[in-house]
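Heads up, the thing below is written out as structure tokens.
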Amino acid sequence: RCGAFERRHNLDDELYRRLLAVALEHDGDHADLYFQQRTAQSLALEDQGINRASCSEDLGVGIRVMAGEACGYAFCEELEVGAMVEAAKVASAIARGDAKVAPQAIERRFHAGDSDGGGHFVVVQPWREVSIDQRVPLLERLDRRAFAADSRIKKVRARLADAETEVLIVDAEGFKSYDHLPMSVISCSCVAEKGDRREEASVSFGGRWGFEAFTIERLDGLVDEAVA
């Protein structure tokens, strides 16, 4: 997935070397680039319909330059080449040193986790590839099953939230490291009433999974536990 991240944002080794060269132009000892993208979405269901939805995305690169005991840092909230070059210049100007270190070829690569650079967590279907039309039925299934399970159920609330963080680090010594951090959680809350008695139970499960983890069996088990 490291390659997919780079292609998505038009990143390559030539660009890394250019940014690192600019970062080191004031004789810094070391420099590194920290690219990060985080996307998050949330859906909530109540009264048998979706009543809340939200999404957010954060993207940018931090550039750090070390020169002796001095450290310069600049951050850019876009991956446009000109903006990244300016950020590298700012970091370089903050940290000025006497050494002259040129960025090395980006050859020695280490990808966090498995051998193909996918990260520590194996995900078959990343959340960024999951449409709203695929998400909504998960909550609707919880809702239908809960009401069908017990006539005492008067209200059902369900929520699905997911987030994905991708991190790519490249340094002047030629090391490149990538990691993909998924996180998702689904919850179901049921309110039951009988006479003057009212009870509510809520159950959730989550983890560093992709869409494929939310199987029918897991969804049904979640509802059954909440209704029990």
Side-chain angles (χ1 to χ4, degrees), residues 1-41 55-129 162-183 208 210:
R1 293 193 181 90
C2 179
F5 179 82
E6 291 177 309
R7 288 190 294 274
R8 197 184 321 134
H9 299 296
N10 297 314
L11 304 174
D12 55 36
D13 291 355
E14 181 180 351
L15 175 61
Y16 305 145
R17 284 179 53 81
R18 177 183 175 186
L19 295 175
L20 291 166
V22 172
L24 293 169
E25 65 183 359
H26 291 301
D27 299 338
D29 301 317
H30 178 79
D32 51 40
L33 315 173
Y34 186 100
F35 297 90
Q36 178 172 311
Q37 180 177 24
R38 183 182 186 277
T39 56
Q41 294 195 59
C55 62
S56 64
E57 180 178 70
D58 298 306
L59 175 67
V61 59
I63 302 176
R64 182 180 64 165
V65 180
M66 306 293 293
E69 296 183 357
C71 176
Y73 182 81
F75 183 78
C76 178
E77 294 185 330
E78 59 179 313
L79 300 187
E80 191 274 323
V81 174
M84 290 190 287
V85 169
E86 287 303 311
K89 289 180 179 179
V90 170
S92 178
I94 295 173
R96 292 173 177 262
D98 298 324
K100 184 63 178 179
V101 179
Q104 303 300 304
I106 312 297
E107 295 178 350
R108 292 168 285 171
R109 306 186 179 200
F110 170 74
H111 293 161
D114 53 26
S115 59
D116 70 353
H120 289 290
F121 307 99
V122 178
V123 172
V124 176
Q125 188 171 5
W127 285 100
R128 79 172 63 85
E129 299 175 2
D162 62 83
E164 287 185 312
T165 299
E166 292 179 275
V167 175
L168 173 64
I169 301 173
V170 185
D171 69 19
E173 296 179 2
F175 287 94
K176 180 192 294 187
S177 180
Y178 169 86
D179 206 0
H180 171 248
L181 304 168
M183 175 59 76
R208 296 197 178 279

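For this chain, numbers begin at 1 and follow the sequence in order.
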**Study point:** Worked check of salt bridge (Lys or Arg N to Asp or Glu O under 4.0 Å) between Lys89 and Glu86
**Key:** CA-CA 5 Å; Lys89 289 180 179 179; Glu86 287 303 311; 3.6 Å; yes
Revision key, fill the gap. Heavy-atom nearest pair, Ser92 first then Val65, reads N-CG2, 4.0 Å
Exercise for review: Determine whether more than 12 heavy atoms belonging to other residues, nucleotides or ligands lie under 6.0 Å from atom CD of Glu14.
Suggested key: no
Check your understanding: About how many Å separate CD1 of Ile169 and CG of Asp32, when rounded to the nearest 0.5 Å?
Key -> 7.0 Å
Review point. Within the distance-only criterion (no hydrogens, no angle test), does the side chain of Asp29 pair as donor or acceptor with the backbone N or O of Gly68 below 3.5 angstrom?
Key: yes
Exercise for review: Enter the distance from Thr39:OG1 to Glu166:CD here, rounded to the nearest 0.5 Å.
Suggested key: 7.5 Å
**Study point:** Closest non-hydrogen atom pair, Ala67 against Gly28
**Key:** CB-CA, 4.1 Å
Exercise for review: Could you go through the salt bridge (Lys or Arg N to Asp or Glu O under 4.0 Å) check for Lys176 and Asp13 one step at a time?
Suggested key: CA-CA 10 Å; Lys176 180 192 294 187; Asp13 291 355; 3.1 Å; yes
Revision key, fill the gap. d(Met84 CE, Leu19 CG) to nearest 0.5 Å is 5.5 Å
Exercise for review: To the nearest 0.5 angstrom, please state how far the CD1 atom of Ile94 sits from the OH atom of Tyr73.
Suggested key: 11.0 Å
**Study point:** Exercise: identify the closest heavy-atom pair between Leu20 and Ala31
**Key:** CD2-O, 3.7 Å
Review point. Should Arg208 and Val123 count as side-chain neighbours, where that means a heavy-atom distance under 4.5 Å?
Key: no
**Study point:** Minimum heavy-atom distance between Ala74 and Ala87, given as atom pair plus value
**Key:** CB-O, 3.2 Å
Check your understanding: Hey, does Glu6 have a side-chain heavy atom less than 4.5 Å from the side chain of Tyr16?
Key -> yes
Exercise for review: Can you measure from NE2 (His180) to CG (Leu168) and round to the nearest 0.5 angstrom?
Suggested key: 13.5 Å
Study note, to complete from the structure: Closest heavy-atom pair, Ile63 versus Ala88, reported as atoms and distance to 0.1 Å, is CD1-N, 3.6 Å
Review point. Is Leu79 close to Val61 at the side-chain level, that is, under 4.5 Å between some pair of heavy atoms?
Key: yes
Practice item. Grab the two heavy atoms, one from Arg38 and one from Ala40, that are nearest each other, plus how far apart they are. Key: NH1-CB, 3.5 Å
Practice item. State, with a plain yes or no, whether a side-chain heavy atom of His9 is found less than 4.5 Å away from one of Leu59. Key: yes
Practice item. For the pair Leu15 and Val81, evaluate side chain to side chain contact (heavy atoms under 4.5 Å, CB included) and give the outcome as yes or no after the intermediate values. Key: CA-CA 8 Å; Leu15 175 61; Val81 174; 4.2 Å; yes
Exercise for review: Please tell me if the side chains of Tyr178 and Val167 come closer than 4.5 Å, counting only heavy atoms from C-beta onward.
Suggested key: no
Practice item. Assess the side chains of Tyr34 and Gln36: does a donor N or O sit below 3.5 Å from an acceptor N or O? Key: yes
Review point. Do Val170 and Phe175 have side-chain heavy atoms sitting under 4.5 Å apart?
Key: no
**Study point:** Rounded distance [0.5 Å steps], CD in Gln41 versus CZ in Arg128
**Key:** 11.5 Å
Exercise for review: Report yes if the side chains of Gln37 and Glu164 come closer than 4.5 Å at any heavy-atom pair, otherwise no.
Suggested key: no
